Structure formats: C-alpha cells, structure tokens
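Worksheet for the structure shown next.
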There are 2 protein chains.
Amino acid sequence: MDEPTKFLLGEDAIPTHWINLAGELPGEPLPPLSPRTGEPAGPDDLTPIFPMGLIAQEVSTEPEIAIPDPVRDAYKLWRPTPLHRARRLEQALGTRARIFYKYEGGSPAGSHKPNTAVPQAYENAQAGIEKLSTETGAGQWGSSLAFACSLFGLGCEVFMVGSSYDQKPYRRSMMQTWGASVTRSPSERTAAGRSQAGHPTGSLGIAISEAVEVAAGDPACNYALGSVLNHVLLHQTVIGQEAIAQLELAGAGRPDVIVGCVGGGSNFAGLVFPFLRRGDVCRIVAAEPAACPTLTRGVYSYDYGDTVGMTPLMPMYTLGHGFVPPPVHAGGLRYHGDAPMVCALVRSGRVEARAYKQNETFEAAVRFARAEGIIPAPEPAHAIRAVIEEASDGEEKTILFGLCGHGNFDLAAYDAYLSGAMEDPEFSDADLEAALAELPEAPAIA
Amino acid sequence: MDEPTKFLLGEDAIPTHWINLAGELPGEPLPPLSPRTGEPAGPDDLTPIFPMGLIAQEVSTEPEIAIPDPVRDAYKLWRPTPLHRARRLEQALGTRARIFYKYEGGSPAGSHKPNTAVPQAYENAQAGIEKLSTETGAGQWGSSLAFACSLFGLGCEVFMVGSSYDQKPYRRSMMQTWGASVTRSPSERTAAGRSQAGHPTGSLGIAISEAVEVAAGDPACNYALGSVLNHVLLHQTVIGQEAIAQLELAGAGRPDVIVGCVGGGSNFAGLVFPFLRRGDVCRIVAAEPAACPTLTRGVYSYDYGDTVGMTPLMPMYTLGHGFVPPPVHAGGLRYHGDAPMVCALVRSGRVEARAYKQNETFEAAVRFARAEGIIPAPEPAHAIRAVIEEASDGEEKTILFGLCGHGNFDLAAYDAYLSGAMEDPEFSDADLEAALAELPEAPAIA
C-alpha cells in the first residue's frame, strides 16, 4: 500500500535547457536540400515563414539551448508532468518487469504538443510577428498552437482538413475557445485552396499548402509546424530530462528499454534524446502503425516533407511523399516520413522499429485503461502494445514508455474496437512500390 | 518568472481521513423520512441497495472517518491534485486579488467524481457484492463509477438517459472501455423501463428507477449514487484537506472567499467542509445556474431525492421533485434539490448562494481558458463567474475556488456560446409555483 505510484517534481525542476542531439548523431550529417535548387538549404530558405530565433535552433549544433524564461513560466501551467509506475498494469500482466510511463496528457491540449507550441509562439511574438498559421488533421496540433498563441497574444489561423472539420467539431470548438480562427480546407482563402475547390475531404498536404501560402504572403504572419523539424524535437526534450530525474527519485536506476510511438517523431525524440545524451546503453523501441510503416518498411532517401513538394527535401525513411495512409485512428502517426534525426538513429541500428496493427494496439490500450485508469490516445497505444510484448518475456527489467496523450477525443475509435468494427488495413508490397515510384530526384544516400 | 504557479503535494500527503461535518451543522438535525411510512428512515431502509460500510458512513456523526488503505492506494492514480495560482487570469483581470483553484480534472474520468466512486466500489467489493448499477445523464458519474469498478473487479451496469445515449456516444464508449455495460433508458431490462417504453428521450428519474430496481432485485448487485448523500460528500473532503495544505505551501494564509458550484453539492462540500472544520471565518459562495436556482429560489422543505418518489424524503432546498430543468449545458447542475448538509449551511446563512445565466457563465469560462489554458466544464464555469465578480471590487484578498472538471466533453456548449446560439432559459415565478405544487406531504420544517 505504501508503495509510490507517481513521481512528481516541483516547478523548479522544469529543465533550464533543451538538449540538442544534432551534433552527435550517427552517420554523416546530411543537409536538407532546397526544393528549388536541389542544393543544401540554408536559413534563407526558411526566413519567409519562420522567425530567426527558431531557424537558429533548427540549424544549431550546440549541445544545449537555454529555455527562455517566459517559456519556462508558461510550462508551469502543466509541467513537470508526472512519471507513473504502472503497478496495476504490472499486476494485471503478472510480469516481473517494472513499467514506468511519462504522462503528457495533462497539458491543456491533452498531449505533448504544447511543449513546442509554446516556444514557437514565444519566438514569433519576440520577432514582432502578429499571427501564426498552421494546418491540423485530427486537431491535436492545431489546438496546441491555438492555446500557445492565446498565451502570447498572437492570432492563430488553422487550416483544418475538411473531413476532420466535418467529423470532429469538438476539436474545432476547442481551438476557437482559445481564440483561433479555424478554416475548412480546401478553402477560398488561398490560391492553393481554390485550385482544389470541390475536393470532398481535403488532405493534410492541401492544408499545409494553404497555411504556408498565408504565411508567405503576409509579413506579419509566420507558419508553425508541430513535428519532424529539428527545433520541434529539441523543444520536446523537456520530457526525457524530467523522466531522468523522476526515475532517480523512484530509485529505479537506468531503464533497460525505452519505448515511444513515432508519427513525425517529436514525442519519441523528446523522451529518448536526453537518455542518449547521458550515454545510456538501453534498448530503444519505436512503435508505429502497420498501416503506415515508415520506419519498418520505408526506404531511406531524400524526400519532401509535405505531399505537394513545397518543403525542403529531407533525408529520412519515407513511404513516398505521395503516399496517403489508410484512415487508421492514430491520426498522429499517419505520416509518410519521419523526423530526419529519428531516422538517422533507426538507420544506425541504435533504435529498433516495430509496427503494430490497429486491433492489437487497441487491445493493449483497453488493457491499460482498465488497469491504470487513463484512456490512452491511439498513438501511444502503439507504445503500450510494444511495452506489453517487452514485459511478457519473463525477464526482470525496467521499462520506460511515453504516454504522450489521452484518448478523450478518440472514443469513436474505442467504440469501433469494442464493437468489433475496427479494420486492420493491409499495406501491401504493391502499395509500397507504387508510393515509392514518385520519389523525387535527389542525391543518393550512401 | 520565478513565482510558482502550481502547488503540488506528494502521495504521502493524500489525507488519511475523511472529514464528517454531520455532527456540527447549524440548526436542528433533521432525519430523512421513509417514503413508505413517513417516519424517520433508518439503516434498514437502505440495506437492500447499499452495503453496511457505506450506510455506517451515511449515518455517522464521528468527526473523522479513516480512509481504507486500498482506497488511498487507488487515489494515488491521480491524487493529490494540484492547486494552481491563477496568475495569468489575475493579470488579465487586472485584479488585486490572489486567485487559487483546486483542479480535479486530472482524474481518469476528468472530474472530482472518482473521489467517491472509488470508495463506493471498494466498500461494495468488501461486502461481497459483484456488480453496481447506477444511472447517468451526461455521463460524468457513470464513467467515474465504471472506472472505479474496473479497479476492484466489479461489474458495472449504467442506465444512461436516452437522449444522452443518443447524443453523447463518446461518454458511452468511455464507460465501455472501462468494462461497464451501458443500457439506454428507458429499457426493456426493468419493469420501470418497460412502463415507460416509447418515452422518446428518457429522464434521470426513469434511469434512477431502473438502476434501483436492478439492484433491489439482485442480491449480488447494489446501487451507487454520485452526489447528495452524506457519505458522498464525506468522500469528497479529500479536496479541501489537500487545498488547506497547499495554501500553506503557497504562503497564502487563510482564504477570504471560497467559491464552488453546486449541483447536488458534493464537489462544493468536499472543498468547503475542511475549512469549516478548521473554523475559518471566510465568506463562502455557492454558484448555481439561474435556470435551475435551487438554493436561490427554492423552498426549504422535505422532498424526494428522485423524480418518481422512491427515495427517502430529505430536508433540503427544492424546486419540487417533479421539476425538469431546461436543457442547459451544465448537466451536472440540473437537479431539483441539493445535498441536505449543504442546504443546512445555506439556510443558516453560513453559505451565500448566487445564480448565473448561461451566457455570462460561458463568457467567464472562455476568459479563464484563454488565460490559464484549461477549458473548464460548464459546471465549475459558474464558480469562475462568481470568482471574477469577487475579484472585480478592487479589494486585496485571497480567493479559492474549485475547478472540479475539464470541458473536453462539453465543447458543443462552447460552440453554441461562441457562435451566439446559446440560450438563457427563463425560470419564471409561475414555473416555480407549478413545480412546488407537487411537494409531498411531510412535517413542516420550522
């Protein structure tokens, strides 16, 4: 009874620096390439839509970057987040493993995304920018940016993928409550949107194009991205730094295995990078959906970050920028590529990637909810699935995983699972071949 | 920048006892009356549907009741909850007041309700009961009980008001994820339900009747109630005890004003009772909706706790047990009566009640969300409205209020407010007169 369940830190333990792994990744550093010239992209390729403060972070190889005081102060609204020992799950599994999870769902938006939305809003406000534009699919990123903009007095314009706009009015209302304007994409607001008028559902690719167009055409407006880029991963490293302090508090020693889900890679990187910086030799597992198996079946190549080819070409595992994943419920994991920094770790063998089907993932999520109370978002449910595998081999070990968000807005998915109506879309070799056929011409990567 | 925002306690600070105010309320103690005989109701009136452990708590006048270890252990999943200093709201208001809020929305179900669902499930499991039945309207109580039952291996059958069942599938999925069975009420499961077959929307009264009938007819099944009763209020006193410790941590001294919303009264009592026990002389404000103004316009009388007259008669402020409040969005505050213990405090003048209209309440909620991040549930938004009033008189003072739940499942209400479509239903004198005409015959209260 007296055994602790949660490990909490005071606000003074919010990290003072982000951890930047850019200077010490395995393999040759590979620069992003300009989509116009095919030459290495520099800061100038980014200035029309990002402030210099963030560009400096994007290209920095400094080992640490100080967190500005107003950002730390805003982090106090929900950080440090708790580290839980999953005692009841351990009991339910009958495992000898000790399972810890770092829970990011207590933020106002319900996930880890505000960790980067806040510093992005801050740097833009410092640069005199008055408004940020962005895209959102299911709404997790859009609502986090709306929240962050409300803290720093910035306007926020969110282009929401049409099908989500129609089906998820609650996420839209959340963004509006924080003062953002939400536009159904494709819209009449932009040339990109007008060119797609009549598109029945919209797509993330179209929404990105609209958000970038608005930012590029308005000096007072910049664009913000919620994953993939170096500075986004950087901001998330508060997660792993806190977890290190909390595992010490728990007297747990160093973890033997760290597990996170990967969509764009920012939550995963935020948890894992501080352990890599410390030199931990633990195994590291990246969990992704079998229906969008970027790390497990993609090719390592230069590809665009977006669907329509406006962004710099990035070196990463990719299923091809034209690939449209099937509509699985883990919307945050439906991305054709992954963060270049995470991909470099997978390619070097330092990180092991595993893919899970939807039904087996939700089976794990329901098991977790009935033991631990928290209903997980579908994205971290992939990590839970991997954790249950890890905990089922009879070994004594310490497992840490990232529970990056709650599932309050994903209950339709639970309904589908519980009623037996959930599908397990196939991703065939033919699908992969077709998607990869459209890879852009770019230097081969050795 | 270095000023603290949250005040956190470790798990060892979870209270060891609940605080029972039953022995020291102002005025004559008034017993509940049996609905069959009109005589004072005793434990025997409750044994068919409640376990002795809870009945003992219900009738106890002991000043403190020990919290069983397994309950404290389950509380660790989310308790102690944080106390926040609302610095950003203070800045936005330009007030000289210091505003603190105790946030209960971080529980798995998203509100204070699990504080009582857990000990209720525990006592029933201890008594050898295998299943609990209950009713739920919007779903907040039903999901809390489903969660608690999952922790103690109990079955859980929830009768959900038909209109909510149809309109709020997400709350239903939440209960099912925790393993509960959810039945649309009126149902074919019970005689009460069959007698109402064809009722288009159902009602809380019908759902209560169905849940009680199931419990009364099955020795292995008991019934659970989420507010109003003494033992429910008792369980919630962990809230105020933690808040006292946290205000000391904050160096804030004793609060000048404490504010809570009142629906059945349990969240309010849980926050306030420990301060009353300590002998604080602060002002205490109970906030309720103008569309269901039990404390501000009801009469103090014996009345049934439910709509159909199956429960004991309780001494309380009531709008008449036949009163059906208009469909305002604060579903948790749509109750014709209030907890007898809270009513006694209002009647004695110790607690001041105020009623607020829906639109002014949501105006306060949006203001809060844009400053503090958290989107409040509509119920505590009434408290926020009162807090903003209190903070706007230019006085220097310390205000504490209860933020008893988040609004993740109430975003349709925010949408209605933001789009200008929210109504402010009137509650006319004629409405009141008609509702009170059906008060049962019972001893007059001096």
Side-chain angles (χ1 to χ4, degrees), chain A residues 1-12 69-70 72-80 82 84 87-88 105-110 114 147 150-151 169-174 176-179 365-366 369-375 406-419, chain B residues 1-12 69-70 72-80 82 84 87-88 105-110 114 147 150-151 169-174 176-179 365-366 369-375 406-419:
Chain A
M1 285 309 150
D2 280 343
E3 296 194 274
T5 297
K6 297 185 305 304
F7 301 91
L8 306 177
L9 300 171
E11 294 178 344
D12 51 353
D69 278 345
R72 279 193 85 221
D73 200 55
Y75 278 167
K76 290 180 186 172
L77 287 172
W78 76 97
R79 303 207 71 84
H84 289 248
R87 289 191 188 283
R88 289 164 194 270
S107 76
F147 155 64
S150 81
L151 295 183
Y170 301 134
R171 274 287 182 190
R172 167 166 52 80
S173 305
M174 200 169 189
Q176 290 166 335
T177 297
W178 281 315
V366 168
R370 291 183 183 177
E372 295 289 317
I374 298 166
I375 298 177
H406 63 61
N408 284 359
F409 295 100
D410 305 286
L411 288 162
Y414 280 88
D415 190 37
Y417 169 72
L418 291 167
S419 67
Chain B
M1 283 313 147
D2 281 341
E3 296 194 275
T5 296
K6 294 186 306 304
F7 302 91
L8 304 177
L9 301 170
E11 293 177 345
D12 51 354
D69 279 346
R72 280 192 86 222
D73 200 56
Y75 278 167
K76 291 180 186 171
L77 288 171
W78 75 98
R79 302 206 72 83
H84 289 247
R87 289 191 189 283
R88 289 163 194 270
S107 77
F147 155 64
S150 81
L151 295 183
Y170 301 134
R171 274 287 181 189
R172 169 167 51 81
S173 306
M174 201 170 189
Q176 291 167 334
T177 297
W178 280 316
V366 168
R370 290 182 184 177
E372 294 289 316
I374 298 166
I375 297 178
H406 63 61
N408 284 359
F409 295 99
D410 305 286
L411 288 162
Y414 280 88
D415 191 36
Y417 169 71
L418 292 167
S419 66

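Since this is a predicted model, take the numbers as computed values, not measurements. A note on names: the letters A, B, ... follow the listed sequences, proteins ahead of strands, and every chain is numbered from 1.
Interface residue Y170(A): backbone and side-chain heavy atoms are both found under 4.5 Å from chain B. Proximity to chain B is absent for every atom of Y417(A), based on heavy atoms less than 4.5 angstrom apart. There is no contact between F7(B) and chain A, counting heavy-atom distances below 4.5 Å. Heavy-atom distances place no part of A109(B) under 4.5 Å from chain A, backbone and side chain included. Both the backbone and the side chain of L77(B) come within contact range of chain A, judged by heavy atoms closer than 4.5 Å. There is no contact between R87(A) and chain B, counting heavy-atom distances below 4.5 Å. With a threshold of 4.5 angstrom between heavy atoms, Q176(A) approaches chain B through its backbone and through its side chain. Heavy-atom distances place the side chain of R88(A), and not its backbone, under 4.5 Å from chain B.
Counting heavy-atom pairs under 4.5 Å between each of A413(A), G179(A), G106(A) and chain B puts G179(A) at the top. Counting heavy-atom pairs closer than 4.5 Å to chain B, the top-ranked of the candidates N408(A), L151(A), L9(A) is N408(A). Interface summary for chain B: among S150(A), G373(A), G105(A), the most heavy-atom pairs under 4.5 angstrom belong to G373(A).
Taking every heavy atom of both residues into account, S173(A) and L418(B) meet most closely at O-CD1, 4.2 Å. The two residues I374(A) and P108(B) come nearest to each other via the heavy atoms N-CB, 4.1 Å. When every heavy atom of E11(B) is checked against every heavy atom of E3(A), the shortest pair comes out as OE1-O, 4.5 Å.
The backbone N or O of K76(B) sits less than 3.5 Å from a side-chain atom of K6(A), completing a donor-acceptor pair.
Counting only heavy atoms from C-beta outward, the side chains of I375(A) and W178(B) approach each other to under 4.5 Å.
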